[in-house]
Amino acid sequence: MKTKIEIAGVSKWFRRDGQEIIAMQETNLSIEEGRFVSIIGPSGCGKSTLFNIIAGLMPPSTGRVLADGEDIIGKTGHVGYMLQKDMLLPWRTILDNIILGMEIRGVPRKEAVARAQPLMDRYGLKGFGGHYPAELSGGMRQRAALLRTLLYDRDIILLDEPFGALDAQTRLTMQNWLLEIWEDFRKTVLFVTHDIDEAIYLSDDIYVFSGRPGRIISKISVDMPRPRHMEDTVSASFMELKAHLLDLLSGKPSAHIS
Amino acid sequence: MESVQKKGYIIHKLEAAGPAVPRPEKKQVEPFIQDEEALARRTKRVISFGRLTVALLIVLCWELFTRIGWMDAYYWSSPVRILTTTWTQITQGTLLEDIAYTSSSTILGFVGGTLIGSLLGLSFWWSRKFAGISEPFLILLNAMPKLALAPVLVILLGIGFFSKVALAFAMTVVVAALSAHSGVQSVDKDMEKLMYSLGAKRHQVFTKVVIPWAMPWMISSLRINIALSLAGAIVGEFIASSHGIGRMVIYAGTILDINLVWVGVVVLSVLSMVMYMGVVLLEKWLSKGYGMKKA
Ligand SMILES: Nc1ncnc2c1ncn2[C@@H]1O[C@H](COP(=O)(O)OP(=O)(O)O)[C@@H](O)[C@H]1O
Ligand SMILES: [Mg+2]
């Protein structure tokens, strides 16, 4: 399969209070096109830093970042990016928030609305276009934020703990909703989470980061068949993988051998 | 169903509900429906009525006490005298022109000061260095009692209309700049990040995020600024002027026409209230576009 994103020897250093701190150790990732890839790791291990680098919002200290073979260091606009906070503008309606990316690119409003409307109808925001973000629940707002990212129409989407602030019930609904969208659009998805169940349930590949300063300690492919169902999360293989990932994250030496 | 012992956990049996007790015969009573809206309406009526009563009471007591001599009518004047003096000032004097003079210098100074101050405050978003250099001077200007500058401004700009506008402007511009600056500083950095990730240029972040984000801050300075602006215009007229309510009050004071002083005070209060209400309307109109009542 074609490599979509190539990250080679990327690390990030900050200087704070005169002290050099390493936010992320040298990292190599090679993400294949159309895959759903999760990154798990304890907080502070540099996951958001890695995303900021891929999104072109900050340069890495070392290394190369390629998308489709093109150097994208410091270049914004190559990936869609979504944060844990929905970042909807409170003074804009949901519809106007969703078409923000197209508006910035200069797509005429009429055309933008024509493209947004069917997606909103299909993916659970039918009839909410005229509402303001404050009138919607957290789950609905995240839907709007994701549709905005989707309509920005890049092949690669970065999702940084998008469901981290939601309650367990809503989170489950949103996971299935996200899978549905991903099946429909087949974008390459990079997904940060620190919820192990979420990572297994959603992903083709899982990268495990060590604690601060982060580095990759394992790459695991999940070959449970799709579409996946809630029952799969209690299957024996799911449980086994979960136990393995827990061992990895808690730093048990036995886990590294396998 | 009996409790089931599984490996590692137990599924408990729930107590069955007792035999169904027949419900007591339903009596035909009107159910109590809590109506918060009706309650709020009634409260509002009571408040309006109370306000009106208090206002009438004050005016009546004022009139009565000055008539029976509990208050000295020479110093306190009286509502009726103030009304008659106002009427003669309107018909035989220049009261209406004075009102127009004072309110136009106030409004011009207010609009100019607010616009230019807000633009200055917003411009601080573009460069942190520029903002950092300017900030202490802005704070210094804010601390300085600008009314003390009035004589200088009048000498500089003459005793005409322009010096009053300039004073009203000086009173408002710094407040507006500081408010806009606070608004700009409060912009969520992640919001900017998201905009850049969507490929936005700086000017797009500025117009689509920074300005609307700072809007509530800028709007909140309007109410203070209209009062400051009026104070500036009046003090300008105190110093030297041939028109305006401020000049009328000073003039009445020097000829010991206390009734006329009271007319000035009442007219200024009404003027101030009208402009305040105008600003409230302006606020509503500005806020509407930003969905702030929702947020
Ligand atoms: N701008 C910055 N300056 C200094 N240190 C930073 C900065 N941004 C992030 N860090 C540090 O880098 C580390 C990784 O942060 P982050 O990528 O946000 O972690 P994660 O998203 O995995 O929780 C943290 O220790 C954080 O304190
Ligand atoms: Mg993070």
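In what follows, chains are A, B, ... by sequence order, proteins preceding strands, each numbered from 1.
The neighbour count for A:Phe238 CZ, taken as heavy atoms of other residues, nucleotides or ligands under 6.0 Å away, is above 12.
When the options A:His78, A:Arg186, A:Lys4, A:Lys187 are evaluated for a side-chain hydrogen bond (donor to acceptor under 3.5 Å, both in side chains) with A:Asp155, the one that passes is A:Lys4.
Your options are A:His131, A:Arg105, A:Glu103, A:Met102, and the one with the most heavy-atom pairs under 4.5 Å with chain B is A:Glu103.
Among the residues in residues 198-210 of chain B, those with a non-hydrogen atom closer than 4.5 angstrom to a non-hydrogen atom of chain A are B:Leu198, B:Gly199, B:Ala200, B:Gln204, B:Lys208, B:Val209.
Side-chain polar atoms of A:Glu33 and A:Thr188 form no donor-acceptor pair below 3.5 angstrom. Donor-acceptor pairing under 3.5 Å is lacking for the side chains of B:Ser186 and B:Trp217. At a cut-off of 3.5 Å, with distance as the only test, a side-chain donor of B:Glu192 or B:Trp125 sits close to an acceptor on the other residue. For the residue pair A:Tyr123 and A:Arg143, no side-chain donor N or O sits within less than 3.5 Å of a side-chain acceptor on the partner.
Listed by first then second residue, pairs satisfying salt bridge (Lys or Arg N to Asp or Glu O under 4.0 Å) with a partner in residues 235-245 of chain A read A:Asp197-A:Lys242, not counting sequence neighbours.
For A:Tyr152, the part lying near chain B is the side chain, with the backbone staying farther off; criterion is any non-hydrogen pair under 4.5 Å. Contact of A:Lys75 with chain B is not made at all, since no heavy-atom distance falls under 4.5 Å.
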